[in-house]
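Structure record follows, encoded as structure tokens.
Note that the structure is a prediction, hence the values are computed from the model and not measured. Values below: every heavy atom of this structure, side chains too, minus hydrogens, waters and symmetry copies. Atoms within a ligand are numbered from 1 in the order they appear, just like the ligands themselves.
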Amino acid sequence: MERLQKVLAHAGIASRRKSEELILAGRVKVNGEIVRELGKKVGAGDYIEVDGKPIREEKKIYILLNKPVGYLSTVDDPRGRRTVLDLLADVGGRVYPVGRLDYDTSGLLLLTNDGELTYKLTHPSFEVPKTYLVEVEGKPGRELERLEKGIILEDGLTAPARVERVRTKGNRTFFHLTIHEGRNRQVRRMCAALGYPVKSLKRIRFAYLELGGLPEGQYRYLTEKEIKFLQGLG
Ligand code: URA
């Protein structure tokens with residue numbers, strides 16, 4: 001942590017003395033709030049603006065989280081429910097989820113502050129594949145092929161999907177479903193339309209990244225190789 005005027009000076013904004021004047025004049029914001037006090041200490045994760053312009057490029061952060069059920073994938077909730085950000089320690093900046101998982105869905109969720117990559121990974125035209133481990137009640141058997149061909153929902157026919165690794169246990173059926181659309185509650189609605197409501201849903205793969213053995217509620221940073229790979233998609 002360093003004093004704000006020193007950080008401004010090091011960023012080449014102005015001399016230390018001139019930087020103090022900028023602060024006193026109310027022209028400097030830290031994390032969206034005007035700071036007029038000269039002793040203020042700031043660190044690498046703080047977002048500093050002078051006259052509304054960021055003083056440095058925000059460091060890009062890429063996180064892969066294994067989201068548990070019972071967390072919202074938003075950055076805050078007016079009703080005060082837990083969000084995925086509650087699962088992160090100080091990661092060195094502000095990040096937000098890439099797309100969404102339902103409150104009652106678990107599994108792979110990326111978080112980043114890279115807007116360009118978020119756009120690419122969430123825009124339907126890029127057709128990023130997402131694989132879910134689906135548990136339904138009952139034994140649908142060959143009916144699952146209807147999920148692959150496309151199923152009519154209230155917002156139209158779903159694109160072809162892929163069903164793999166079907167297995168049954170008692171009166172439950174488990175399978176992997178890969179889709180590349182991202183409609184609201186899509187997997188739940190597809191299975192319900194088939195007559196087999198989802199009992200549990202976990203995303204195990206997103207844009208070719210895998211959850212692997214990452215425990216629930218834990219996260220890791222993406223590797224340089226993974227970041228490059230995602231940026232090269234589409
Ligand atoms: N489909 C759903 O129904 N829910 C999710 O969270 C993700 C995909």
Side-chain angles (χ1 to χ4, degrees), residues 63-79 81-88 95-112 117-138 140 143-167 172-212 214-219 230 233:
I63 287 169
L64 188 159
L65 168 74
N66 185 352
K67 174 196 173 300
V69 164
Y71 286 82
L72 288 172
S73 27
T74 50
V75 290
D76 82 299
D77 177 44
R79 283 165 54 194
R81 286 171 296 175
R82 294 182 298 191
T83 77
V84 287
L85 295 191
D86 293 328
L87 295 162
L88 307 183
V95 292
Y96 47 83
V98 177
R100 293 220 167 152
L101 287 179
D102 300 333
Y103 187 75
D104 43 358
T105 300
S106 62
L108 199 167
L109 184 67
L110 292 185
L111 296 112
T112 184
L117 184 66
T118 299
Y119 175 79
K120 213 182 230 192
L121 294 178
T122 53
H123 196 275
S125 65
F126 290 99
E127 301 198 346
V128 169
K130 305 150 191 116
T131 303
Y132 296 86
L133 170 60
V134 189
E135 176 189 359
V136 296
E137 194 168 316
E143 285 167 87
L144 290 177
E145 287 172 15
R146 286 183 53 209
L147 298 177
E148 297 201 310
K149 293 202 180 93
I151 210 158
I152 297 173
L153 302 177
E154 55 197 33
D155 49 359
L157 184 68
T158 60
R162 202 174 161 135
V163 174
E164 289 163 300
R165 303 185 55 172
V166 183
R167 59 200 188 281
R172 294 283 162 96
T173 301
F174 299 80
F175 57 94
H176 289 186
L177 178 65
T178 303
I179 60 173
H180 50 253
E181 296 173 291
R183 304 191 209 171
N184 195 23
R185 295 182 78 81
Q186 180 166 345
V187 175
R188 291 175 197 277
R189 290 193 291 131
M190 287 170 79
C191 294
L194 202 63
Y196 295 91
V198 165
K199 286 290 157 191
S200 73
L201 190 59
K202 178 178 190 172
R203 184 155 69 191
I204 54 174
R205 210 174 298 135
F206 178 79
Y208 310 98
L209 298 180
E210 307 233 354
L211 199 51
L214 189 67
E216 246 182 42
Q218 303 286 304
Y219 62 92
L230 292 179
L233 285 179

Problem set entry | Interfacing atoms of ligand 1 (cut-off 4.0 Å, heavy-atom, Gln186) | 1 (N), 2 (C), 3 (O)

Seminar exercise, completed: ligand 1 to Leu101, heavy atom cutoff 4.0 Å, flagged ligand atoms 6 (O)

Problem set entry | Geometric N/O contact Arg189 with ligand 1, under 3.5 angstrom | no

Seminar exercise, completed: The answer for which part of Leu201 has a heavy atom under 4.0 Å from ligand 1 is side chain

Exercise. Does Leu153 offer a backbone N or O that forms a donor-acceptor pair with the side chain of Arg183 under 3.5 Å?
Worked result: no

Problem set entry | Closest approach of any protein heavy atom to atom 1 (N) of ligand 1, naming residue and atom | Val187 N, 3.1 Å

For this session: Without swapping roles, check the side chain of Lys120 against the backbone of Leu233 for a donor-acceptor pair under 3.5 Å.
Result: yes

Exercise. Under 3.5 Å, is there a donor-acceptor pair between the side chain of Glu181 and the main chain of Thr158?
Worked result: no

For this session: Give, for atom NZ of Lys202 and atom CZ of Arg205, the distance between the pair rounded to the nearest 0.5 Å.
Result: 13.0 Å

For this session: Return yes if a side-chain donor-acceptor contact under 3.5 Å exists between Thr105 and Arg188, otherwise no.
Result: yes

For this session: Indicate, as side chain, backbone, both or neither, the part of Asp102 found under 4.0 angstrom from ligand 1 when only non-hydrogen atoms are considered.
Result: both

For this session: Find all atoms of ligand 1 within a distance of less than 4.0 Å from any non-hydrogen atom belonging to Tyr132, and give their numbers and elements.
Result: 7 (C), 8 (C)

Seminar exercise, completed: For Thr105, the ligand 1 atoms with a heavy-atom partner under 4.0 Å come out as 4 (N), 5 (C), 6 (O)

Exercise. Taking the side chain from Thr173 and the backbone from Gly138, do they hold a donor-acceptor pair closer than 3.5 Å?
Worked result: yes

